[in-house]
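One structure below.
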Amino acid sequence: MSETGVIHDIGYRRYSGPRLGRVAIQQALFVHGLRAAFGFGRSAKAKIFPWLVAGIMLLVAVIVAAARSITGEVIFTYFQYADQMSLLIIFFAAIVAPQLVSRDLRAGVLPLYFSRPLRAADYVIAKFAAMTAAIWLLVGVPQFIMFLGAAFTTETGVSGVFNELWDLLPGWAYSLLWAVMFAGVSLLIASLTGKQAFAAGGIVAVFMMTVPVVGVLASLPSATANSLSGLASPTFLIGGVGEWLIERESQLDVGVGEFGPIYGIEAACLVAACFLLLLARYRKVASR
């Protein structure tokens, strides 16, 4: 008895809708990355740590705003707020960066990404932007709460509100500096491994272990060594750039003196190097 084959029509159709291209893919990756940073669309367990950090920072901002409205005393400024929260920012970056890139490496989905009209640069830009936005929101929203507390209790009317706004805007710029620096360093470290625990530990180690180096250099008798000691740590590097560009005293007490341009050059080179190394890393992955 001869076997016969049957072809079933299952109604398959080719996609005939709009093809949005690389920009739309970048936007989708950015939105997905920003949502993932705060645990949206994921399990309740994934929301615990980012929202715990965000909740602590918001609580501090509310306390600062309330204290200022009651006593008129400024506990710390918008700039000092970012410096004071540096430890929480480090832990936030250590959790979020592996979520954005290490999970993709471990799940093996990058070949699927790059089989589409998506280039390595598009992927890196989207992830870098999502990480930067997440950290900036983490710091910028509490700063805005501090601004509201000051604006609604000012005794000088509209002029007082505008004066407070001119203080807030440079504070937001300083927070953006924190966000860009931490995004670059943490994403680069996280991109080296698919294991989130290793990536998180590496990020914390890089940021925390460089701080004692600054302390050792600052203890040297040379005034030049003291002023340049902040170059050894990304955290103190940000404080030094803030002192130079915004001309304010850092809560980190970097004391850059006349070496401000050197801090600015190193910060720009460090961010650029992290981005270029990320690009090289994912170009290698895409070429496999």
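Owing to the predicted nature of the structure, the values given are computational and were not obtained by experimental measurement. As a basis for the values below, the full set of heavy atoms in this structure was taken, side chains included, without hydrogen atoms, waters or symmetry mates. In what follows, residues are counted from 1 in the order of the sequence shown.
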Rounded to the nearest 0.5 Å, the CG atom of Leu59 sits from the CD1 atom of Ile56 at a distance of 8.0 Å
Check your understanding: Are any of the side-chain heavy atoms of Val101 and Arg281 separated by less than 4.5 Å?
Key -> no
Next item on the list: Determine, step by step, whether Phe128 and Leu279 satisfy the side-chain contact (heavy atoms from CB on, under 4.5 Å) criterion, reporting the C-alpha distance in whole Å, the side-chain angles of both residues, the deciding distance to 0.1 Å, and the verdict.
Entry: CA-CA 11 Å; Phe128 197 100; Leu279 187 57; over 6 Å; no
Worksheet item: Are Ser191 and Tyr282 close enough that some pair of their side-chain heavy atoms sits under 4.5 Å apart?
Response: yes
Shortest non-hydrogen pair, Glu266 vs Leu237, comes out as OE2-CD2, 3.9 Å
- Query: So do Asp83 and Trp178 actually touch side chain to side chain, heavy atoms under 4.5 Å?
  - Reply: yes
For Gln99, the side chain to side chain donor-acceptor pair (under 3.5 Å) test, sequence neighbours excluded, returns Arg42, Gln196
Check: Are any of the side-chain heavy atoms of Leu176 and Thr132 separated by less than 4.5 Å?
Finding: yes
In this structure, OH of Tyr263 is separated from CH2 of Trp244 (nearest 0.5 Å) by 12.5 Å
Ile75 and Ala67 have their tightest heavy-atom pair at CD1-CB, 3.7 Å
Rounded to the nearest 0.5 Å, the CG atom of Leu231 sits from the CD1 atom of Ile265 at a distance of 10.5 Å
Walk me through it: do Thr193 and Leu105 pass the test side-chain contact (heavy atoms from CB on, under 4.5 Å)?
CA-CA 7 Å; Thr193 176; Leu105 290 169; over 6 Å; no
Side-chain polar contacts of residues 197-213 - donor-acceptor pairs under 3.5 angstrom, sequence neighbours left out - could you list them?
from, atom 1, to, atom 2, distance (Å)
Thr210, OG1, Val206, O, 3.0
Thr210, OG1, Phe207, O, 3.1
Thr210, OG1, Ser233, OG, 3.3

field: Linked, directly or transitively: Ile25 and Leu278 (ILVMFWY side chains, under 4.5 Å)
entry: yes
Assigning hydrophobic clusters by single linkage (Ile, Leu, Val, Met, Phe, Trp, Tyr; side-chain heavy-atom cutoff under 4.5 Å), is Phe162 placed with Leu168? yes
Taken in chain and number order and not counting sequence neighbours, the residues that satisfy side chain to side chain donor-acceptor pair (under 3.5 Å) with Arg68 are Glu164
Between Ala82 and Ile89 the two heavy atoms that sit nearest each other are O-CD1, 4.0 Å
Residues Met146 and Tyr78: closest non-hydrogen pair is CB-CE2, 3.8 Å
Open item on the list: Run Ile125 and Gln26 through side-chain contact (heavy atoms from CB on, under 4.5 Å) and show every step you take.
Closed with: CA-CA 8 Å; Ile125 291 172; Gln26 273 187 313; 3.7 Å; yes
The reported gap from CE in Met181 to CD1 in Ile135 (rounded to nearest 0.5 angstrom) is 11.5 Å
Hits for side chain to side chain donor-acceptor pair (under 3.5 Å) against Ser102, two or more places apart or cross-chain, chain-then-number order -> none
Heavy-atom nearest pair, Gly194 first then Arg106, reads O-CB, 3.2 Å
Distance-only check: which donor-acceptor pairs under 3.5 Å involve side-chain atoms of residues 28-35, not counting sequence neighbours?
none

* Heavy atoms, side chains only, cut-off 4.5 Å: are Val139 and Met85 in contact? -> no
Applied to residues 126-146, the salt bridge (charged side-chain N to carboxylate O under 4.0 Å, His left out) test, sequence neighbours excluded, yields Asp104-Lys127
Do Trp136 and Trp172 have side-chain heavy atoms sitting under 4.5 Å apart? yes
Is a side-chain donor or acceptor of Trp51 paired with a backbone partner of Phe38 at a separation under 3.5 angstrom?
yes
_Hphob cluster co-occupancy, Leu52 + Ile63, side-chain heavy atoms under 4.5 angstrom_ = no
Q) Does a side-chain heavy-atom distance below 4.5 Å link Phe79 with Pro170? A) yes
Residues Asn226 and Leu217: closest non-hydrogen pair is OD1-O, 3.5 Å
Within the 4.5 Å heavy-atom criterion, are Leu58 and Ile145 side-chain neighbours or not?
yes
### Query
Applying the 4.5 Å side-chain criterion to the ILVMFWY set and letting contacts propagate, would Phe76 and Leu148 be lumped into a single cluster?
yes
In this structure, CD1 of Ile95 is separated from CD1 of Ile48 (nearest 0.5 Å) by 11.5 Å
Group every Ile, Leu, Val, Met, Phe, Trp and Tyr by side-chain heavy-atom contacts under 4.5 Å, then state whether Phe40 and Leu100 land in the same group. yes
Separation between CZ (Phe182) and OG (Ser86), nearest 0.5 Å, reads 6.5 Å
